[in-house]
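Order of appearance sets the numbers: ligands from 1, and atoms from 1 within every ligand. As a basis for the values below, the full set of heavy atoms in this structure was taken, side chains included, without hydrogen atoms, waters or symmetry mates.
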Amino acid sequence: DWSVRKSSFKDGISPENPGKNLQLRPLMMDDYDQGFLNLLGQLTSVGEVTAAAFQKRFLAMKHCPNTYYVVVLEDTNKQQVIGSATLVIEQKFIHSTGCRGRIEDVVVSEDYRGQQLGKLLVETLTLLGKEVGCYKMSLECKEDNVRFYKCFGYTPDGQYFMVQRF
Ligand code: 16G
């Protein structure tokens with residue numbers, strides 16, 4: 001269920017109307033050919049991902065019901081994916097077998113920045129997380145982006161984000 005109440009978006013753009021020639025929708029298998037991975041390359045290293053590998057991962061995610069919500073913004077004129085973000089729902093034993101929502105891989109293509117599209121992606125997925133009943137939502141970001149995410153109710157809560165890389 002991708003529907004998020006329109007009234008939550010007070011001014012300007014909304015999930016239904018993200019802007020001229022733009023469409024907000026779930027990721028589709030065809031998006032491999034519409035620049036989805038190039039877009040992710042503006043966030044971090046994507047590596048070599050063949051069409052077959054993409055399809056396999058796409059289907060693996062799809063077969064985990066109610067877990068991966070990958071949304072994209074498409075420029076319908078150019079048929080290119082120009083923005084994306086993912087909501088991952090993590091099932092827990094704690095919090096009365098509750099769920100935690102994680103916002104991941106938020107990226108808007110360079111040429112499309114400054115149009116509130118990042119805001120739209122984050123607000124849409126945050127509301128979706130709330131609607132599917134997450135007891136909390138979280139994300140990791142660079143220090144430079146802390147101010148941006150604070151606008152949507154995200155705040156440091158005294159926990160360190162720790163990483164080990166392989
Ligand atoms: C950022 C992203 C995270 C992504 C990571 C990739 C957001 C809110 N955070 O932390 O989702 O997976 O960058 O960086 O979009 P990495 O390649 O160094 O893991």
Practice item. Considering only non-hydrogen protein atoms, determine which one is nearest to atom 11 (O) of ligand 1 and report residue, atom name and distance to 0.1 Å. Key: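 Minimum-distance protein heavy atom for atom 11 (O) of ligand 1 reads E104 OE1, 2.5 Å.
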Check your understanding: Which protein heavy atom lies closest to atom 16 (P) of ligand 1, and at what distance to 0.1 Å?
Key -> T44 OG1, 3.6 Å
Side-chain donor/acceptor of [X] to backbone N/O of [Y], under 3.5 Å:
X    : Y    : answer
S84  : V71  : yes
T126 : V122 : yes
Y32  : A51  : yes

**Study point:** Pairing of D75 and K20 as salt bridge, 4.0 angstrom limit
**Key:** no
**Study point:** Contacting atoms of ligand 1, where contact means under 4.0 angstrom from a heavy atom of Y149
**Key:**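 This gives 8 (C) as the contact atoms.
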Practice item. Would you mind finding which of E140, R165, K142 brings a heavy atom closest to atom 8 (C) of ligand 1? Key: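 Ranked by closest heavy atom to atom 8 (C) of ligand 1, first place is E140.
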Exercise for review: From the options D105, V122, I103, select the one whose nearest heavy atom is closest to atom 4 (C) of ligand 1.
Suggested key: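 Looking at heavy atoms only, D105 sits closest to atom 4 (C) of ligand 1.
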Review point. Can you find an N or O of V106 that's nearer than 3.5 Å to an N or O of ligand 1?
Key: yes
**Study point:** Whether Y149 and F152 hold their rings parallel, tilted or perpendicular, with breakpoints at 30° and 60°
**Key:**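 Perpendicular: the ring planes of Y149 and F152 meet at over 60°.
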